[in-house]
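What you see is a predicted model; the values in this text were computed from it and never measured. Quick note on labels: first sequence line is chain A, next is B, and so on, each numbered from 1.
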There are 2 protein chains.
Amino acid sequence: MNDKLLRDLLLGFVKVHILHHADKEPIFGQEFHEELKRHGYDLSFGTLYPIFHKLEADGYLKSKKENINGKIRRYYSITATGKKLLNKAKEQAKELVEELFED
Amino acid sequence: MNDKLLRDLLLGFVKVHILHHADKEPIFGQEFHEELKRHGYDLSFGTLYPIFHKLEADGYLKSKKENINGKIRRYYSITATGKKLLNKAKEQAKELVEELFED
DNA sequence: TTGATAATATCGCTGAACGATATTATATTT
DNA sequence: AAATATAATATCGTTCAGCGATATTATCAA
């Protein structure tokens with residue numbers, strides 16, 4: 001079955017989930033990619049990294065490079081603005097889903 | 001505040017909501033546009049109509065033209081394939097939201 | 001018959017998604 | 001010490017979707 005619609009749904013959520021995780025602890029690309037895979041979501045790095053970049057450019061995330069055994073990791077954590085947005089997004093997502101299940 | 005992220009979230013949901021409403025009764029563009037507006041969502045017709053077209057082309061909706069006082073309306077209703085997709089989408093959306101709210 | 005109205009359709013631009021490829025910095029092997 | 005492997009991030013070029021603006025369709029009203 002064609003599930004472009006399911007993909008769109010996922011893509012709408014990915015940014016919110018990034019903020020959600022970056023709110024709990026610093027995260028980095030590969031790790032988050034694995035996390036998604038574990039949940040059955042296959043998202044390419046060509047999609048994922050630019051999302052991180054955009055979220056940082058827009059001030060919702062801040063990042064810090066760290067050298068782990070010679071591999072550079074860029075750890076992202078949420079900003080104050082990011083937290084505000086995250087809360088709004090969670091509310092909106094909840095409302096939209098609730099509407100689908102009421103009556 | 002920049003809320004492109006909230007918009008992406010909405011856009012991911014719009015198709016699911018279209019299927020959801022078209023499952024309850026036949027709907028048409030202007031009406032659904034009003035419905036979204038009432039909920040505070042502003043979606044242009046240049047966005048909305050192509051979505052309807054795509055959903056029909058993919059076999060999730062079927063449409064029938066009707067002439068109401070000389071104004072042509074195209075009423076959309078859900079297909080069997082559309083119902084299956086709708087159920088999957090609802091499950092996926094629910095899971096994604098639940099994760100945002102657990103622990 | 002001209003204009004107003006309700007609705008759908010589509011154009012052209014911009015920007016995002018994505019597979020593929022390049023780059024970075026070290027550790028390991030030959 | 002040179003070459004290879006590895007873990008990770010970065011970005012290119014193409015395709016496609018979102019969207020404001022504009023066009024089209026079919027009546028009714030002035």
Side-chain angles (χ1 to χ4, degrees), chain A residues 2-19 21-22 26-37 40-58 60-77 89, chain B residues 2-19 21-22 26-37 40-58 60-77 89:
Chain A
N2 173 344
D3 52 1
K4 176 67 166 41
L5 185 145
L6 297 180
R7 176 131 203 117
D8 288 349
L9 200 53
L10 170 64
L11 282 170
F13 268 105
V14 163
K15 291 160 196 164
V16 187
H17 275 260
I18 289 176
L19 291 184
H21 281 93
I27 58 173
F28 64 101
Q30 292 283 346
E31 179 193 50
F32 189 76
H33 183 255
E34 279 305 313
E35 162 87 7
L36 286 174
K37 226 178 189 170
Y41 302 122
D42 177 34
L43 202 47
S44 107
F45 289 110
T47 302
L48 196 54
Y49 282 117
I51 291 176
F52 275 96
H53 300 164
K54 192 74 194 334
L55 286 174
E56 180 167 32
D58 290 348
Y60 302 127
L61 292 177
K62 55 176 182 283
S63 78
K64 200 161 55 106
K65 275 192 195 173
E66 274 183 49
N67 191 318
I68 312 285
N69 296 339
K71 321 296 166 357
I72 306 165
R73 278 187 201 168
R74 187 177 284 273
Y75 279 103
Y76 290 89
S77 40
Chain B
N2 172 344
D3 52 2
K4 175 66 165 43
L5 185 145
L6 297 181
R7 176 127 202 119
D8 288 349
L9 202 51
L10 170 64
L11 283 170
F13 267 104
V14 162
K15 291 158 196 164
V16 187
H17 274 262
I18 288 176
L19 292 184
H21 281 94
I27 59 174
F28 63 100
Q30 292 283 346
E31 179 193 50
F32 189 77
H33 183 254
E34 280 303 314
E35 162 86 8
L36 285 175
K37 227 179 190 169
Y41 301 121
D42 176 33
L43 202 47
S44 106
F45 289 111
T47 302
L48 196 54
Y49 283 117
I51 291 177
F52 274 96
H53 299 164
K54 191 76 196 334
L55 286 174
E56 181 167 31
D58 289 349
Y60 303 126
L61 291 178
K62 57 177 181 282
S63 78
K64 200 160 55 108
K65 276 192 196 172
E66 275 182 48
N67 191 318
I68 312 286
N69 297 340
K71 322 295 164 2
I72 306 166
R73 278 186 199 169
R74 187 178 283 273
Y75 278 103
Y76 290 89
S77 41

The side chain of B:I51 lies closest to which of these nucleotides: D:dA8, D:dG18, C:dA9? D:dG18
Roughly how many Å is it from NZ in A:K65 to C1' in C:dT26, rounded to a whole number? 15 Å
Integer-rounded Å distance: D:dA7 C1' and A:I72 CD1: 10 Å
CG/B:N69: more than 12 non-hydrogen atoms of other groups inside 6.0 Å: no
Is A:S44 near enough to C:dC18 that one of its side-chain N or O atoms lies under 4.0 angstrom from OP1 or OP2? no
Quick one: label A:L11 by what it contacts on the DNA or RNA (base, sugar-phosphate, nothing), any heavy atom closer than 4.0 Å. sugar-phosphate
Tell me whether the rings of B:F13 and A:F13 are parallel (<30°), tilted (30 to 60°) or perpendicular (>60°). perpendicular
B:N69 has an atom CG; how far is it from atom P of C:dA6, in whole Å? 11 Å
A:K15 to A:I51 - nearest heavy-atom pair and separation: CG-CG2, 3.6 Å
What is the distance from CZ of A:R7 to C1' of C:dG19, rounded to the nearest Å? 12 Å
Expressed in angstrom and rounded to an integer, what is the separation of A:I18 atom CD1 from C:dA17 atom C1'? 13 Å
What's the closest nucleotide to the side chain of B:R74 if the choices are C:dT8, D:dA8, C:dA16? C:dT8
Integer-rounded Å distance: D:dA10 P and A:L48 CG: 11 Å
Closest listed nucleotide, where the reference is the side chain of B:K71 and the choices are C:dC18, D:dA7, C:dT5: C:dT5
Picking from D:dC19, C:dC18, D:dA10, the nucleotide nearest the side-chain atoms of A:H53 would be D:dA10
Sugar-phosphate only, base, or nothing, as touched by B:F28 at under 4.0 Å among non-hydrogen atoms: sugar-phosphate
Given C:dA9, D:dT9, D:dA17, which nucleotide is nearest the side-chain atoms of A:Q30? D:dT9
Rounded to whole angstrom units, what separation is found between the NZ atom of A:K15 and the P atom of C:dA16? 8 Å
Looking at C:dA9, C:dC18, D:dA8, which one has an atom nearest to any side-chain atom of B:Y49? C:dA9
So, is A:N67 near the phosphate of C:dT26, with a side-chain N or O under 4.0 Å from OP1 or OP2? yes
Among the nucleotides C:dA16, C:dA17, C:dA25, which one has an atom lying closest to any side-chain atom of A:K54? C:dA16
In whole Å, I'd like the distance from the CG atom of A:L55 to the P atom of C:dA17. 10 Å
Over 60° means perpendicular and under 30° means parallel, so classify the ring planes of A:F32 and A:H21, tilted if in between. perpendicular
Would you indicate, yes or no, if D:dC19 has its OP1 or OP2 atom less than 4.0 angstrom from a side-chain nitrogen or oxygen of B:T47? yes
For B:L5 and A:A89, the nearest pair of non-hydrogen atoms, with its separation, is CD2-CB, 3.8 Å
